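A short worksheet on the structure shown next.
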Amino acid sequence: MFCYQCQEASKGIGCTLRGVCGKTDDTARLQDLLIYTLKGIAIVNKEARKHGLNSESTDSFIIDGLFSTITNVNFDKNYFVGKIKEGLNLRESIKNQLSANGVQLSGLHDAATWTKDESEFDDKALSVGVLATENEDIRSLRELITYGIKGMAAYAFHAANLGFKDPNISEFIEKALIATLDDSLSANDYVSLALEAGKYGVDVMALLDKANTSTYGNPEITKVNIGVRNNPGILISGHDLKDLEELLEQTEGTGVDVYTHGEMLPAHYYPAFKKYSHFAGNYGNAWWQQDKEFESFNGPILMTTNCLTPPKDSYKDRLYTTGVVGFEGVKHIDAGPDGKKDFTEIIEHAKRCKPPVEIESGEIVGGFAHNQVLALANQVVDAVKTGAIKRFFVMAGCDGRMKSREYYTEFAKELPKDTVILTAGCAKYRYNKLNLGDINGIPRVLDAGQCNDSYSLAVIALKLKEVFGLEDINELPISFNIAWYEQKAVIVLLALLYLGVKNIHLGPTLPAFLSPNVAKVLVENFGIGGITNVEDDIKMFMGN
Ligand code: FSO
Ligand code: SF4
């Protein structure tokens, strides 16, 4: 195997024997082969589109497939074997449909023609992985784009679950998949394609924002309990709000409470979920602490998306997956023919469990997505004009288990008191319990929501640009010190670059998949930088 898609890639180079994330080498190879299969489908589907023969189920197959290969989503090799077989069948059925409509395909790439028996998948996978592209710069750019569309697929998946789809996004994803096989493209072509991915990144986050806010209302300032009650509970993690809604509906009146974990915390900010009195609070912290927190939670846990880590035996039998998440030996819940998920088994399981052990108490405040912040716009603008707020720091993205991430807690603590942190994603857990105070009633940490709600932060920045009558978003007193871990952060980054944001600092380390030359392009054209130490970085950001 060779995988370098996340921030924890072994030695900052890549995982070769087993993933630091726990992904086994055979699963990693099957993921590579699934991606290759998706490229083949994209090639034939491009023709289907041209002839008005594209079906929405093909778009969803590609979106699900990409999402399932994101870090910490699916570790189950049988899942990938099944998806590859399904993908090959789908590809052939599209060809058959084309031919029935008089369209003959010729000169197709191997990705669109190969067939193998399951026993030969592993061999085939060896020739189609990341290292199949020999030139390290082209490889770097192809992977940058691939990881970007993986992130895009994740957001498109959640939007689709709420009935919001955009065929243009799927068409772009397919175009990008095909481009990664095109040896006639130059490094410059791929840089342009990466920026185009950023445009669709903005679109997909806007689509998901519309899906979430039109279904569940606009997030509003909310205090979230981080202690526990005395009833048995179900812990729900990941990012899918539709799953949460169904779970809340089905647990109502059962005596079982529902708690959020990790990236599900922002669900509390939506008006639609406030009506559930058994929606008890948020339990624990970011994804990487789940091995301890799932243990002490005592009740069943539902993982709707990443970040899942290989479960310990102490809670493996209490763990359930749904959607594209999977782990061998862990129960999986799929939607029935009516599209609804039946969580009865989890609810009955919860009733047999003890209430959660309290690991924290008190409250945290969040809900500062674009609508809420814009409602406070006058207050915010005044605070900037009078100098009460000197600078905003966008510290969105992901948390991770490496010690180097303590930087972000220190950074938040050491920031001058006249600065405000705008956050989104699980990165917030490094500083959302610090009590950093407020500025004229505006909290110093404004949590917009999940990683996709970084879109909200961009909307806020664009609004401030307009209010202050500035030409360029980079003239605002906003600095970007972003923490990344997996591929959703890649699409967020590309989206910010597309919006013209310069001088983004990315940490705790720059991606292993950026070759020195590609990193140079990003530094020279976009001012992308890494991080050093808290003291020097704060001086640099504050301009002194
Ligand atoms: Fe975190 Fe994991 Fe949301 Fe990521 S839970 S690390 S950017 O998957 O998706 O922020
Ligand atoms: Fe390694 Fe990250 Fe790939 Fe897992 S996802 S194998 S940790 S690079």
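Keep in mind that this is a model prediction, so the values were computed, not measured. Read the numbers this way: they start at 1 and go in the same order the structure lists the ligands and their atoms.
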Begin with the C-alpha distance, continue with both residues' side-chain angles, and end with the deciding distance and a verdict on side chain to side chain contact (heavy atoms under 4.5 Å, CB included) for Val325 and Asn306. CA-CA 7 Å; Val325 192; Asn306 50 336; over 6 Å; no
Please write down residue, atom name and distance for the protein heavy atom closest to atom 8 (O) of ligand 1. Glu486 OE2, 2.2 Å
Protein contact of atom 6 (S) of ligand 2 - nearest heavy atom, named by residue and atom, plus distance: Gly19 CA, 3.4 Å
Residues Lys83 and Glu86 bridged, charged N to O under 4.0 Å: yes
Salt-bridge present (Lys292, Glu295; N to O < 4.0 Å): no
No-hydrogen, no-angle side-chain donor-acceptor test under 3.5 Å, His505 and Asn481: no
Classify the side-chain pair Tyr408/Asp399 by whether it contains a donor and acceptor separated by less than 3.5 Å. no
Between Arg430 and Gly400, is there a donor-acceptor pair closer than 3.5 Å when you use the side chain of the first and the backbone of the second? yes
Could you check whether any side-chain N or O of Thr222 sits under 3.5 Å from a backbone N or O of Glu220, counting only pairs where one atom can act as donor and the other as acceptor? yes
Sub-3.5 Å N/O-N/O distance, Asp399 and ligand 1: no
Cys426 N/O to ligand 1 N/O under 3.5 Å: yes
Assert yes or no for the condition that the ring centre distance of Phe294 to His261 is strictly below 6.0 Å. yes
Quick check on Arg18 - does any of its heavy atoms sit under 4.0 Å from an atom of ligand 2? no
Check ligand 1 against Cys451 and write out every atom of the ligand that is under 4.0 Å from a heavy-atom position of the residue. 3 (Fe), 7 (S), 9 (O), 10 (O)
One finds that the ligand 1 atoms under 4.0 Å from a non-hydrogen atom of Cys307 are 2 (Fe), 5 (S), 6 (S), 8 (O)
With heavy atoms of [X] as the reference, note each atom of ligand 2 found under 4.0 Å away.
X: Ala9; answer: 8 (S)
X: Cys21; answer: 4 (Fe), 5 (S), 6 (S), 7 (S)
X: Thr71; answer: 5 (S)
X: Met1; answer: 6 (S)

With a cut-off of 2.8 Å, does any N, O or S atom of Cys6 fall short of it relative to atom 2 (Fe) of ligand 2? yes
Using the rule given for ring pair (Phe, Tyr, Trp, His ring centres under 6.0 Å), can you reason through Tyr4 versus Phe2, listing the C-alpha separation, both sets of side-chain angles and the distance that settles it, and then say yes or no? CA-CA 7 Å; Tyr4 64 174; Phe2 181 81; 5.0 Å; yes
Quick check on atom 4 (Fe) of ligand 2: does Cys15 put an N/O/S atom closer than 2.8 Å to it? no
Using heavy-atom distances only, which candidate in Cys3, Pro511, Ala28 approaches atom 3 (Fe) of ligand 2 most closely? Cys3
Among Glu263, Lys488, His239, closest by heavy atom to atom 10 (O) of ligand 1 is Glu263
side-chain hydrogen bond (donor to acceptor under 3.5 Å, both in side chains) test vs Lys341 passes for just one of Asp334, Thr304, Thr322, namely Thr322
